[in-house]
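Lettering of chains follows the sequences in order, A, B, ..., and the numbering in each one begins at 1.
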There are 2 protein chains.
Amino acid sequence: MAHRTTVYDVAERAGVSIATVSHTFRQPERVRPETRELVLAAARALGYVPSGSARGLAKGRSQALGLYAFDMFLPSDVNAPALSLDDLVRRELDGRGDARRFPLYVDEIQHGFEIEARRLGRTVMLGAGASRDSLGSIDLAGSVDGLAIFPGSAGRDLLEHVGRGVPVVIFSSPPAHDPMHHITVANEPAVRELVDHLVGHHGHRSVAFLGELAAPDIGARFRGFQAALAAHGLPVSAEPFDATAMTQDSLRPLRAAIAAGDLPRALVCATDQLALAVLDLLARHGLRVPEDVAVTGFDGIVAGRLSEPSLTTIRQPFASMGRLAVRILTDTIAGREHPRSYVLPTRLVLGGSCGCG
Amino acid sequence: MAHRTTVYDVAERAGVSIATVSHTFRQPERVRPETRELVLAAARALGYVPSGSARGLAKGRSQALGLYAFDMFLPSDVNAPALSLDDLVRRELDGRGDARRFPLYVDEIQHGFEIEARRLGRTVMLGAGASRDSLGSIDLAGSVDGLAIFPGSAGRDLLEHVGRGVPVVIFSSPPAHDPMHHITVANEPAVRELVDHLVGHHGHRSVAFLGELAAPDIGARFRGFQAALAAHGLPVSAEPFDATAMTQDSLRPLRAAIAAGDLPRALVCATDQLALAVLDLLARHGLRVPEDVAVTGFDGIVAGRLSEPSLTTIRQPFASMGRLAVRILTDTIAGREHPRSYVLPTRLVLGGSCGCG
DNA sequence: TTGTAGGCGTTATCAA
DNA sequence: TTGATAACGCCTACAA
């Protein structure tokens with residue numbers, strides 16, 4: 001690729017001005033048919049493809065929407081040393097590697113985002129990074145007309161900074177006093193319904209909550225859990241039973257409880273991913289679900305349907321959340337107002353892990 | 001957003017030239033610490049975010065890789081009239097809509113593509129469209145440093161046109177005399193292994209192939225099927241038993257065979273999606289799988305593990321294909337040569353639909 | 001209907 | 001170490 005073909009090349013070859021070339025592509029009816037053919041022929045002959053950058057610069061908009069994820073959600077394979085192609089293929093065919101964990105909830109939101117963007121004729125730019133303040137997300141922000149992000153290591157300041165340039169939507173993060181648009185679900189009522197089921201239907205009296213309060217939505221879920229216990233006249237714990245969740249010392253309190261033989265009768269996990277990890281752990285210790293312990297999740301990811309037993313969980317409308325984000329962004333770009341906060345409903349899905357299904 | 005903040009604004013506020021602003025961001029060590037702080041403070045105060053378009057234009061590269069899909073792979077929801085948010089959410093929570101069909105094989109390839117792009121510090125641009133010759137894909141090509149595409153309605157001429165500007169990788173399309181890079185799997189041996197299993201292990205003598213030869217890879221699968229039958233001394237059909245596959249008159253020959261009561265003993269479907277549709281159809285007609293008919297797929301998509309019975313299929317290393325595409329593109333961009341064609345291995349996965357698992 | 005010319009925001013070259 | 005200034009490729013009034 002020696003020299004990229006430009007309007008100048010096409011213009012020269014067609015014997016017209018660069019303006020005519022541009023017109024031919026942007027307002028074909030404005031140019032005489034014969035001239036148009038001339039230009040198109042030249043463009044074809046030269047392999048002309050308009051530069052997106054130049055176009056974006058000239059028009060001030062790129063027609064792209066961005067979706068940004070922080071490392072928090074990236075499969076470990078991202079940071080792993082580069083594997084050879086052979087190794088990659090072998091791992092995948094063996095059913096190892098992160099293909100196993102696909103799709104996560106972020107992928108489901110992303111899918112909805114893509115669908116809606118296509119429907120509205122916009123391209124999607126995907127970015128990712130670890131940086132809590134650095135340029136990671138910022139440079140994506142400079143290339144899109146609107147940006148949606150997953151909650152993560154980004155500092156509020158960064159987000160506000162970015163938000164001054166383009167509209168921003170953030171998922172699963174409670175509304176705050178910021179200029180961003182928030183999309184969340186009704187976490188508290190959802191967990192209450194779940195606990196009602198465990199206590200009311202199954203009659204469990206010893207129910208515990210597992211999850212790290214670090215993630216923004218988890219706090220709301222825990223509050224819903226506490227409220228539900230209180231409503232049933234059960235003792236309310238001030239903190240999650242196991243807050244180590246998915247960190248290094250993963251599930252240590254849970255392992256301790258198993259060893260001590262005083263496991264709660266039901267474990268309400270803050271996310272499906274966590275619940276699946278718990279199922280694994282329990283299985284390794286020879287504990288049966290749901291006979292010995294009931295386990296529930298939150299999210300409704302695909303893997304939860306594939307597990308044994310399948311997961312009782314709260315299904316979130318992930319794809320709709322992604323689609324809504326696109327609508328908010330395109331509307332905002334077009335100057336139409338949108339509420340700063342959307343709270344979507346969820347649904348209790350009964351599986352085998354609580355004793356139903 | 002009145003006026004986008006530019007280097008000029010930052011430069012003025014910091015009392016330096018625009019060159020210094022640029023240097024501060026691109027080569028911080030080249031600028032005196034005090035000056036740097038001055039610039040950064042100004043940038044922060046003004047909410048400065050560098051324009052991706054301007055950067056791309058000036059540097060001649062965007063650091064983005066493109067992934068293009070044709071309508072062929074898009075969920076029907078893309079073309080459906082816009083649903084209200086409430087309807088979208090309701091459908092999704094009810095388990096209807098296309099969330100059910102996610103992820104398809106394209107999504108798995110895309111996932112691998114994204115993972116590898118992140119690893120290599122590149123952003124991903126997603127595009128889609130129906131146009132068989134139009135600008136749909138071309139404009140994406142003008143915005144990226146490299147492009148990967150799914151086979152579809154794109155004419156060879158379009159692809160060649162695009163290929164003159166940026167390196168192009170195409171999936172699941174047999175190598176041809178073009179300048180593109182091709183990534184495929186060993187279709188023929190895979191199907192042979194599958195047929196060997198059906199004939200050798202299960203003893204089926206009446207085996208038929210379902211699939212439309214339109215898609216590029218399917219032809220190879222059918223040839224593998226024919227070769228396998230021949231090797232077993234079974235009669236070889238010149239054409240697929242049911243070539244209507246997923247089109248309008250979907251599975252009509254199959255329905256006819258059911259009505260006539262002369263269904264083959266085993267149905268080898270060209271893809272998992274097709275096999276799942278066949279499972280549905282058979283169930284509606286009260287036929288049991290695998291007792292009455294054995295069914296197999298090809299791809300190894302997630303939905304095939306969720307079906308009842310689970311699908312016996314040929315697993316493709318989709319994520320690895322996506323990752324390989326990124327490697328080919330980045331290498332080619334960097335001037336490193338790559339083979340024009342990669343043929344990856346597959347694996348036979350036994351499920352309940354053939355009578356195993 | 002076609003052409004001229006200015007501007008979009010950065011980067012890079014070369015001086016100062 | 002910092003600053004002019006010329007690209008980069010396209011779009012779009014405005015003129016011809």
side-chain contact (heavy atoms from CB on, under 4.5 Å), paired with B:Leu140, selected from B:Leu126, B:Leu147, B:Leu67: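 The residue from B:Leu126, B:Leu147, B:Leu67 that satisfies side-chain contact (heavy atoms from CB on, under 4.5 Å) with B:Leu140 turns out to be B:Leu147.
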
Using the heavy-atom set of chain B and a strict 4.0 Å cut-off, write down the first and last nucleotide of DNA chain D that makes it in, 5' to 3'.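 Contact span on the strand: D:dT1 to D:dG9.
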
Less than 4.0 angstrom between a side-chain N/O of [X] and OP1 or OP2 of [N], yes or no?
{"X": "B:Ser22", "N": "C:dT11", "answer": "yes"}
{"X": "B:Arg26", "N": "C:dT11", "answer": "yes"}
{"X": "A:Arg32", "N": "C:dT2", "answer": "yes"}

Picking from B:Arg156, B:Arg164, B:Arg340, what satisfies salt bridge (charged side-chain N to carboxylate O under 4.0 Å, His left out) with B:Asp178?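 Exactly one option meets the salt bridge (charged side-chain N to carboxylate O under 4.0 Å, His left out) with B:Asp178, and it is B:Arg156.
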
Checking all strands, does A:Thr35 fall into the base, sugar-phosphate, or nothing category for heavy-atom contacts under 4.0 angstrom?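 Counting heavy atoms under 4.0 Å across all strands, the contact made by A:Thr35 is with sugar-phosphate only.
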
Mind checking if A:Val31 touches a base, just sugar-phosphate, or nothing, with heavy atoms under 4.0 Å?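 A:Val31: backbone/sugar contact only, no base atoms under 4.0 Å.
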
Using 4.0 Å as the upper bound for N to carboxylate O, is an ion pair formed by A:Arg122 and A:Asp145?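 Looking at A:Asp145 and A:Arg122, the cut-off is met.
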
Aromatic ring pairing B:His181/B:His338, orientation class (parallel under 30°, perpendicular over 60°, tilted between):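 If you compare the ring of B:His181 with that of B:His338, the planes turn out perpendicular.
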
Using 30° and 60° as the class limits, which term best fits the ring planes of B:Tyr48 and B:Phe25: parallel, tilted or perpendicular?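 Rings of B:Tyr48 and B:Phe25: tilted, as their planes differ by 30° to 60°.
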
Whole Å only: how far is the [atom1] atom of [X] from the [atom2] atom of [N]?
{"X": "A:Arg61", "N": "C:dC8", "atom1": "CZ", "atom2": "C1'", "result": "13 Å"}
{"X": "B:Phe25", "N": "C:dT11", "atom1": "CZ", "atom2": "C1'", "result": "14 Å"}
{"X": "A:Asp139", "N": "C:dT11", "atom1": "CG", "atom2": "P", "result": "11 Å"}
{"X": "B:Leu57", "N": "C:dT11", "atom1": "CG", "atom2": "P", "result": "11 Å"}
{"X": "B:Arg4", "N": "C:dT10", "atom1": "CZ", "atom2": "C1'", "result": "11 Å"}

Of B:Lys59 and B:His23, whose nearest nucleotide on DNA chain D comes first from the 5' end?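 It is B:His23, whose closest nucleotide lies nearer the 5' terminus.
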
Nearest to the side chain of A:Ile18, which nucleotide is it out of C:dT11, C:dA12, C:dA5?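 My answer, after comparing the listed nucleotides, is C:dA5.
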
Pick the nucleotide of DNA chain C nearest each of A:Tyr8 and A:Val16; which residue has the one closer to the 5' end?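 With A:Tyr8 and A:Val16 compared, the 5'-side residue is A:Val16.
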
For A:Gln63, does the CD atom sit with more than 12 other heavy atoms under 6.0 Å from it, leaving out its own atoms?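 Yes, enclosed.
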
Does A:Glu337 CD have over 12 foreign heavy atoms under 6.0 Å away?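 Atom CD in A:Glu337 is not crowded, with 12 or fewer foreign heavy atoms closer than 6.0 Å.
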
